[in-house]
There are 2 protein chains.
Amino acid sequence: MARTPTTTDAFNAVAEASRRDLLDAIGAEELTVGELVDRLGLSQPQVSKHLAVLRAVGLVLVRADGRHRWYRVNGPALKPIHDWVRSFERTWNTRLDRLDDLLAELKSQEEAP
Amino acid sequence: MARTPTTTDAFNAVAEASRRDLLDAIGAEELTVGELVDRLGLSQPQVSKHLAVLRAVGLVLVRADGRHRWYRVNGPALKPIHDWVRSFERTWNTRLDRLDDLLAELKSQEEAP
DNA sequence: TCATCATATTCCTATATGGGAATGTGTCAA
DNA sequence: TTGACACATTCCCATATAGGAATATGATGA
């Protein structure tokens with residue numbers, strides 16, 4: 001047998017660094033394929049193909065607008081990864097670290113509402 | 001080109017479900033290859049090979065003991081994944097959810113010190 | 001209607017994989 | 001010393017990539 005297809009789940013889709021880069025680039029915005037091509041310096045087919053994989057696992061959502069496609073990140077699709085990794089968090093993070101993390105996050109949300 | 005090798009980083013190593021199962025099975029314990037074979041119902045070579053990948057990216061540590069090998073999870077190797085996913089956490093988690101999560105965790109640590 | 005723009009898809013190829021089967025390696029016990 | 005035991009590694013093969021190049025699809029404006 002071969003490797004698990006990239007479109008199987010978020011874990012496999014996100015294994016490829018280019019795809020993580022795409023998600024990072026989009027972030028909280030809504031971007032066009034062309035914009036992504038410019039920002040990441042990848043070829044257009046490359047971007048389209050990676051986006052297709054991300055779409056297949058629900059990691060991005062698209063909105064058609066004339067001949068443009070606006071892509072945005074669908075955060076909740078990452079939750080399975082987050083939840084799984086989280087079960088090992090205690091290994092490296094003490095409770096005080098976690099408290100620091102939370103406070104830092106609350107603060108950042110305070111600053112950027 | 002082909003896909004990114006599984007031994008490239010934690011993201012790729014963990015993409016395979018069997019490897020996540022292995023980490024879950026080991027958990028906070030220290031287990032033998034034979035134990036893992038029994039618990040997961042995989043073949044011995046299969047377990048050894050998956051463990052080799054996990055070893056390559058530092059996700060597990062081994063201790064030799066006679067003809068046994070005791071494997072344990074090396075949590076911090078998962079931090080890169082945790083950190084990356086965390087940057088998207090705001091999308092699905094409100095601050096109150098996070099507070100609930102933290103309290104739940106503090107409670108569980110209280111109960112199992 | 002037609003050329004152009006924005007994306008998506010198809011073709012082609014080198015490559016790494018996961019599983020099964022078989023075998024290698026080191027250790028212990030009799 | 002030798003056979004059994006616990007793991008690791010090697011071989012073999014079907015399969016799914018990722019990337020580059022080329023082409024298809026669909027919408028827009030003149």
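Numbered from 1 within each chain, the chains take letters A, B, ... in sequence-line order.
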Check your understanding: Got a donor-acceptor contact below 3.5 angstrom from the Arg19(B) side chain to the Ala13(B) backbone?
Key -> yes
Revision key, fill the gap. Result for 5'-nearest mapping on DNA chain C, choosing between Arg3(A) and Trp70(A), is Trp70(A)
Exercise for review: Mind jotting down which residue pairs meet the salt bridge (Lys or Arg N to Asp or Glu O under 4.0 Å) criterion with at least one end in residues 60-69 of chain B? Sequence neighbours excluded, please.
Suggested key: Glu30(B)-Arg63(B)
Check your understanding: Contacts to DNA chain D from residues 44-63 of chain A, heavy-atom cutoff under 4.0 Å, which residues?
Key -> Pro45(A), Gln46(A), Lys49(A), His50(A)
**Study point:** Heavy-atom side-chain contact between Leu54(B) and Leu23(B) under 4.5 Å
**Key:** yes
Study note, to complete from the structure: Arg67(A) has its side chain closest, among dA27(D), dA6(D), dA16(D), to dA27(D)
Study note, to complete from the structure: When Thr4(A) and Gly66(B) are each assigned the nearest nucleotide of DNA chain C, the 5'-most assignment goes to Thr4(A)
Exercise for review: Would you indicate whether the side-chain heavy atoms of Ile81(A) and Phe88(B) approach each other to under 4.5 Å?
Suggested key: no
Check your understanding: Which of residues 10-22 of chain A sit near DNA chain C, with a heavy atom under 4.0 Å from it?
Key -> none
Review point. For the pair made of CZ in Arg69(B) and P in dC5(D), what is the distance, rounded to whole Å?
Key: 18 Å
Check your understanding: Do Val62(B) and Trp70(B) have side-chain heavy atoms sitting under 4.5 Å apart?
Key -> no
**Study point:** Members of residues 26-38 of chain A that approach DNA chain C, where some heavy atom sits under 4.0 Å away
**Key:** Thr32(A), Val33(A), Gly34(A)
Point to revise | Sugar-phosphate only, base, or nothing, as touched by Thr6(B) at under 4.0 Å among non-hydrogen atoms | key: sugar-phosphate
Review point. Does any pair with a residue in residues 37-61 of chain A pass salt bridge (Lys or Arg N to Asp or Glu O under 4.0 Å), and if so which ones, sequence neighbours excluded?
Key: Glu29(A)-Arg39(A), Glu35(A)-Arg39(A)
Review point. Relative to each other, are the rings of His82(B) and His82(A) parallel, tilted or perpendicular (30° and 60° limits)?
Key: parallel
Review point. Taking side chain as C-beta onward, heavy atoms only, is Trp84(B) less than 4.5 Å from Val14(A)?
Key: yes
Check your understanding: Looking only at side-chain N and O atoms, does Tyr71(B) come under 4.0 Å of OP1 or OP2 in dA8(D)?
Key -> yes
Exercise for review: Measure from the side-chain N and O atoms of Asp83(B) to the backbone N and O of Arg86(B), and report whether any donor-acceptor pair falls under 3.5 Å.
Suggested key: no
Exercise for review: For DNA chain C, note the earliest and the latest nucleotide, 5' to 3', having some atom under 4.0 Å of a heavy atom belonging to chain A.
Suggested key: dT4(C) to dG18(C)
Check your understanding: Can any side-chain N or O of Asn74(B) pair as donor or acceptor with the backbone N or O of Leu59(B) at less than 3.5 Å?
Key -> no
Practice item. Can you tell me the distance, in whole Å, between the CG atom of Asp65(A) and the P atom of dA27(D)? Key: 12 Å
Point to revise | Any donor-acceptor pair under 3.5 Å from Arg72(B) side chain to Ile26(B) backbone | key: no
Check your understanding: Would you say Asn12(B)'s side chain and Thr7(B)'s backbone share a donor-acceptor pair under 3.5 angstrom?
Key -> no
Check your understanding: Going through the checks in order, is the side-chain contact (heavy atoms from CB on, under 4.5 Å) test met by Phe11(A) and Glu16(B)?
Key -> CA-CA 8 Å; Phe11(A) 285 96; Glu16(B) 181 78 16; over 6 Å; no
